[in-house]
Structures are given as structure tokens and as C-alpha cells.
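Ligands are counted one by one from 1 in listed order, and the atoms in each one are counted from 1 as well. Side-chain atoms are counted along with the backbone in the values below, which use heavy atoms only and exclude waters and symmetry mates.
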Amino acid sequence: MAAEWGYSPTNGPDVWARLFPQAGGARQSPVDICTSIASSDSNLEMKKLTFAYESQSDLRILNTGHGWKVEAPQSGSRLEGGPLGEDIYQLEQFHCHWGETSAEGSEHTVDGRAYAGELHLVHWNTTKYQSFAEAAQHPDGLAVLGVFFDVGNESNDEIEKIVSTLSEIKFKGQFTDIPDVIDPTTFLPSGLGYWTYLGSLTTPPCNECVIWIVYKEPITVTEEQVTYH
Ligand SMILES: COc1ccc(C[C@H]2SC(=S)NC2=O)c(OC)c1
Ligand SMILES: [Zn+2]
């Protein structure tokens with residue numbers, strides 16, 4: 001297998017399991033969300049999902065080679081309730097997946113439909129684990145909020161603060177600081193309905209450590225904001 005994993009026929013998801021055993025597991029992400037078989041949680045015991053974020057400036061943005069990633073460890077942030085039981089999860093980073101055209105790019109699909117892109121807000125279980133790296137080794141270690149991008153006419157101001165820095169980090173491994181204040185709350189759609197399932201990291205090492213929370217309502221961005229190459 002090629003030294004570097006990727007998305008080509010010789011190093012893509014179908015062969016990841018050769019180097020990353022967990023990629024062959026039973027709870028691998030992403031998945032196609034079949035809305036007809038998704039069951040609404042009838043028991044009212046599932047508490048409301050709540051989140052609280054800080055606004056931060058000078059966050060570091062990195063070109064990962066597969067997209068951009070903003071490192072945003074926020075000791076003051078909290079994600080809890082919903083499918084997360086009694087544990088509190090803390091924001092670690094957020095990053096984006098997009099495609100060559102606005103017809104593709106999201107990792108999850110809904111009834112076979114891909115969105116133009118998908119934002120992942122990655123949190124780790126600070127109630128049970130001492131570090132992000134440790135949490136990523138456990139089935140309830142991470143909670144990732146997935147937000148779909150739809151392409152429309154209005155640009156998203158918060159996303160603009162991020163994509164406006166991409167010209168400075170054209171190559172894998174490059175990073176820069178985002179001068180603007182970023183409030184992760186603004187990335188979330190107004191409708192807070194979501195699908196949730198137990199899954200994994202969507203790229204190698206594909207650890208089966210993620211409680212997925214995928215919002216039903218996409219946020220709107222412009223073509224330029226999500227087909228950046
Ligand atoms: C602990 O090692 C890793 C490796 C890769 C990713 C990024 C993947 S996982 C995801 S969700 N989306 C992605 O692109 C991680 O993200 C938390 C963590
Ligand atoms: Zn991701």
C-alpha cells in the first residue's frame with residue numbers, strides 16, 4: 001500500500017484496513033444516514049443536548065493536506081446531554097471536508113445525497129479521560145458535531161474569517177493564525193434536530209471512539225467558501 005493513505009483506488013478507504021486494522025471494524029464512519037430507518041428517540045430520558053463555547057482569537061489554522069483544521073482547545077467549553085450520558089465533552093478542534101464541486105464533499109450522506117461540505121467540531125470526554133489522545137482510545141472518548149454545508153447566495157461570516165486565511169497556507173503542513181475572534185456557536189444551524197450514532201474517526205487510524213451528532217439542517221455558504229483548492 002502506498003506509504004500515505006488517501007482516496008485513490010490504491011490507498012483509499014477500501015484498503016485502509018491493511019495498515020489501520022480498526023478501519024475494518026463494525027462501527028466505521030462516515031455512513032449514509034437513511035432517514036426512513038433512523039428511529040426518533042421516543043424515551044424522554046434523553047436529555048437535551050447543550051453546548052457552551054468561548055470566543056477565541058488568534059486560533060492556529062493548519063493545512064492538513066486533506067482540508068483545513070483549526071486547533072481550538074477550549075477548557076471552558078462544554079458539550080453535554082443528548083446521547084452523551086452524564087459526561088462532559090470539551091472542544092479540541094474543528095475542521096472541514098469539502099469536494100472539487102459543490103455537488104460533493106461531505107463525508108456523511110443523507111439518503112444517498114452528499115452535501116457540498118461538512119464541518120466537524122471535535123470534542124473529547126473530560127469527565128473520564130485525562131487527554132484528547134487518551135480519549136481517542138475509548139468507545140465514548142470523542143463527540144463530533146457534524147454540520148452540513150449547502151451552497152447558496154449568502155456567505156457565512158464566520159466561515160469567511162477562516163477561508164480568508166487559506167491563501168497563506170496553500171501547502172500541507174503550513175499553518176497561520178486567524179486574527180479574528182471565532183465563536184464556534186455561530187457554525188451551528190438554527191434548527192437543532194440531529195441524528196446520532198456510535199462511529200469512528202473518518203480517516204486513519206479510524207479509531208472507533210466517536211459518538212456522532214450530525215445536525216439535520218445544513219448551514220449556507222457560498223460556492224467560493226467551500227470549493228477552495
Ligand atoms: C486521533 O487521531 C485522529 C486522526 C484523524 C482525525 C481527523 C479525522 S476524524 C474526523 S471526525 N474527521 C477527520 O478528518 C482526528 O480527528 C479527531 C483524529
Ligand atoms: Zn472530519
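- Taking the Zn ion (ligand 2) as the apex, the angle formed with NE2 of H95 and NE2 of H97 is 110°, to the nearest 10 degrees.
- The nearest N, O or S atom of C96 is not closer to the Zn ion (ligand 2) than 2.8 Å.
- Of all atoms in ligand 1, numbered sequentially from 1 with element shown, those under 4.0 Å from a heavy atom of H120 are 11 (S), 12 (N).
- With a 4.0 Å cut-off on non-hydrogen atoms, P205 touches ligand 1 through its side chain and not its backbone.
- Near Q93, meaning under 4.0 Å from any of its heavy atoms, are these atoms of ligand 1: 16 (O), 17 (C).
- For atom 13 (C) of ligand 1, the nearest non-hydrogen atom from the set V122, L121, V144, T202 comes from T202.
- The side chain to side chain contact (heavy atoms under 4.5 Å, CB included) with E86 is formed by just one residue from the set E80, K128, K47; it is K47.
- Of all the heavy atoms of H66, none lies under 4.0 Å from any atom of ligand 1, so neither backbone nor side chain is involved.
- Ligand 1 lies out of reach of K69, whose nearest heavy atom is not under 4.0 Å from it.
- Shortest contact from atom 14 (O) of ligand 1 to any protein heavy atom: H97 CE1, 3.0 Å.
- Looking only at side-chain heavy atoms (C-beta outward), L49 and T196 stay at 4.5 Å or farther from each other.
- V226 and F148 are assigned to two separate hydrophobic clusters, defined by single-linkage of ILVMFWY side chains at heavy-atom distances under 4.5 Å.
- Taking only non-hydrogen atoms, the option from L201, T203, T64 nearest to atom 3 (C) of ligand 1 is L201.
- In the hydrophobic clustering of ILVMFWY residues, with side-chain heavy atoms under 4.5 Å counting as a link, W98 and I169 come out together.
- Distances from ligand 1 to the non-hydrogen atoms of S200 include no value under 4.0 Å.
- Taking the six-membered ring where tryptophan is involved, the planes of Y53 and F51 are essentially parallel, since the angle between them stays under 30° and well short of 60°.
- At a heavy-atom distance under 4.0 Å, only side-chain atoms of W212, from C-beta outward, approach ligand 1.
- When the shell of 6.0 Å around CZ of R78 is examined, it contains 12 or fewer heavy atoms from other residues, nucleotides or ligands.
- Separation of the H120 and W212 ring centroids falls under the 6.0 Å cut-off.
- When distances from the Zn ion (ligand 2) to the N, O or S atoms of H120 are compared, ND1 comes out shortest.
- Aromatic rings of W16 and Y7 (six-membered ring for Trp) have centroids within the 6.0 Å cut-off, being under it.
- For ligand 1, the atoms sitting less than 4.0 Å from at least one non-hydrogen atom of P204 are 4 (C), 5 (C), numbered in the order shown with element in parentheses.
- Put simply, the side chain of L201 reaches to within 4.5 Å of the side chain of V210, judged on heavy atoms.
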